Protein chains: 2
Amino acid sequence: MTRTAHPLTSPGKQMLSEQVYAHLRDAIMRGDHAPGDALKPQDIAKEQGVSLAVVREALVRLVGEGLADRLPNRGFAVPAFSDRRWQEIAEARRTIEPVVLRMSIERGDVDWEARVRAAHHRLARTPAFVPEDGEYYSSAWSEAHRVFHRTLLEGCGNPVLLETFDRMWTASELARRWAAQRDPDRDAVGEHRRLEEAALARDADTAAEVLARHLTLTAAALTGSSRQAKEVL
Amino acid sequence: MTRTAHPLTSPGKQMLSEQVYAHLRDAIMRGDHAPGDALKPQDIAKEQGVSLAVVREALVRLVGEGLADRLPNRGFAVPAFSDRRWQEIAEARRTIEPVVLRMSIERGDVDWEARVRAAHHRLARTPAFVPEDGEYYSSAWSEAHRVFHRTLLEGCGNPVLLETFDRMWTASELARRWAAQRDPDRDAVGEHRRLEEAALARDADTAAEVLARHLTLTAAALTGSSRQAKEVL
DNA sequence: ATAACACGGATAATCGATTATTTGTCGAAT
DNA sequence: ATTCGACAAATAATCGATTATCCGTGTTAT
């Protein structure tokens, strides 16, 4: 039955593939599936109540962002990160983010300063762990963490560099889900505080150094032993 | 009629969506379509002799790589780059590539040295322009140019950083197609030669500086006037 | 006993057709 | 003459079904 023309653009409606994409992305990032698990279009289509075409589109997008693997004629799967891959991602972040942070600190305006303050404040008062979630970071903390690191860089004013950050962050978080158990000795809170202080003081040298160290320590904590951290430092 | 099972994996066969994807990517990168032109799935499907599903999959992949724009319920289009966007891409390259080049020079082995030599040699003896192609760079030169710049960075040994290069290079070349007329005063040949020399001499400081200048000059040449180049330098 | 081959189930890839949305146009009311 | 709204073409999004491919299993020949 065709209903009469909409008086105004129907508000809540968006593409099904978009919804399925977001759902799968969140599920994968949340770690709902084990690495290597098959993502079967038919099963997903049935449980989401949509056709294969929309699931397929969502999966293809996921592959493009590194959130799914594809083997031709073999289907899609949750990506499995090797330790080597994880280290490469961490190194890439160490290489690029301090440079962008410098640019950000040199260029950021007062609005950026305010956003940095707000992001750090939010991060500092969000608990990283909630008892019932076991060893995993709470999703609220993960999001606050991402926003803080991104905000630090946003002063650079270059969307292309921020896109690069987004891609690496996604890969980094995905790998962290599975490479990881937390290192209780880490003082990430203090590192974040020092980052904020250096950024707001416009001390690019210190900020870049602290960020590089922060990323190194994080990477070392996630590869199990803290031996590597001491070596690098 | 179903034919009997293959004695061995049929050799030339690959996914249709892959072929269509490659075809569209090449066409867009070659500049066959004007920026902003609609990419109509139906037309493409008909001229390629495939169904809508495979065209759609190819287009979704293209969007993921920034080689097509998508407006929900409005279809796909060849991306139109603003001058601002082009400058952002160029700045991102200036920011990241010199840093990666340093790492590459510090780490590259003798095999890398040989590949740099070969890539530069190939670039130097490939003509940048062929008369019948008007003002556009020849596709052979474009490819040799890409390989040279990529090879310079490959010594870093980090696939994640190289993926980042690939994405930025693609965006850069796409923008160049349309932002661009060449600046006859440019001595890109000399810049490339100095890059090779500094890299092989393991002079990371000089190489990074030459690369930054090279990217600045290229960007300035493509935004029309060479005024900006002089300012930045 | 082993290795190569053929069958069959499961699932990926593709297709043809249906449904939904947008946009331009035409006409009526002001 | 201008604006608002309904109609109609174009085309994007989705669906259900078909075809092709892979892989495990069982069979047969050596």
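Everything numeric here is computed off the predicted structure, so don't read it as measured data. All chains are named by letter (A, B, ...) in the order of the sequence lines, taking the proteins before the strands, and each is independently numbered beginning at 1.
- Set against D:dC22, D:dA13, D:dC15, the side chain of A:Asn73 has D:dC22 as its closest nucleotide.
- Judged by distance alone, with hydrogens and angles left aside, the side-chain atoms of B:Ser104 form no donor-acceptor pair with the main-chain N or O of B:Val100 at under 3.5 Å.
- In terms of position along DNA chain D, the nucleotide closest to A:Ala53 lies nearer the 5' end than the nucleotide closest to the other residue of the pair A:Pro72 and A:Ala53.
- OP1 or OP2 of C:dA13 lies within a sub-4.0 Å distance of a side-chain N or O belonging to A:Arg70.
- Summarising the geometry, the separation between CD on A:Gln14 and P on D:dT14 is reported as 10 Å, rounded to the nearest angstrom.
- Between the side chains of A:Glu88 and B:Asn158, no donor N or O sits under 3.5 Å from an acceptor N or O.
- Within 4.0 Å (heavy atoms only), A:Arg74 reaches sugar-phosphate atoms of the nucleic acid but no base atom.
- Rounded to whole Å, the distance from CG on A:Leu71 to C1' on D:dC22 is 12 Å.
- More than 12 heavy atoms of other residues, nucleotides or ligands shown are found within 6.0 angstrom of NE2 on B:His33.
- Atom P of nucleotide D:dA12 and atom CE of A:Met15 are separated by 12 Å, given to the nearest angstrom.
- Looking only at side-chain heavy atoms (C-beta outward), B:Leu67 and B:Pro79 stay at 4.5 Å or farther from each other.
- Counting to the nearest Å, the C1' atom of D:dA13 and the CG atom of B:Leu59 are 13 Å from each other.
- For the residue pair B:Arg30 and B:Ser139, no side-chain donor N or O sits within less than 3.5 Å of a side-chain acceptor on the partner.
- You'll find the ring centres of B:His149 and B:His214 inside the 6.0 Å limit.
- Looking at the side chain of A:Leu52, the nearest of the listed nucleotides D:dT14, C:dC15, D:dA17 is D:dA17.
- For the segment residues 37-51 of chain A, the set of residues with a heavy atom within less than 4.0 Å of an atom of DNA chain D comprises A:Val50, A:Ser51, in numerical order.
- Going from atom CZ of B:Arg56 over to atom P of C:dG16 covers 17 Å, rounded to whole Å.
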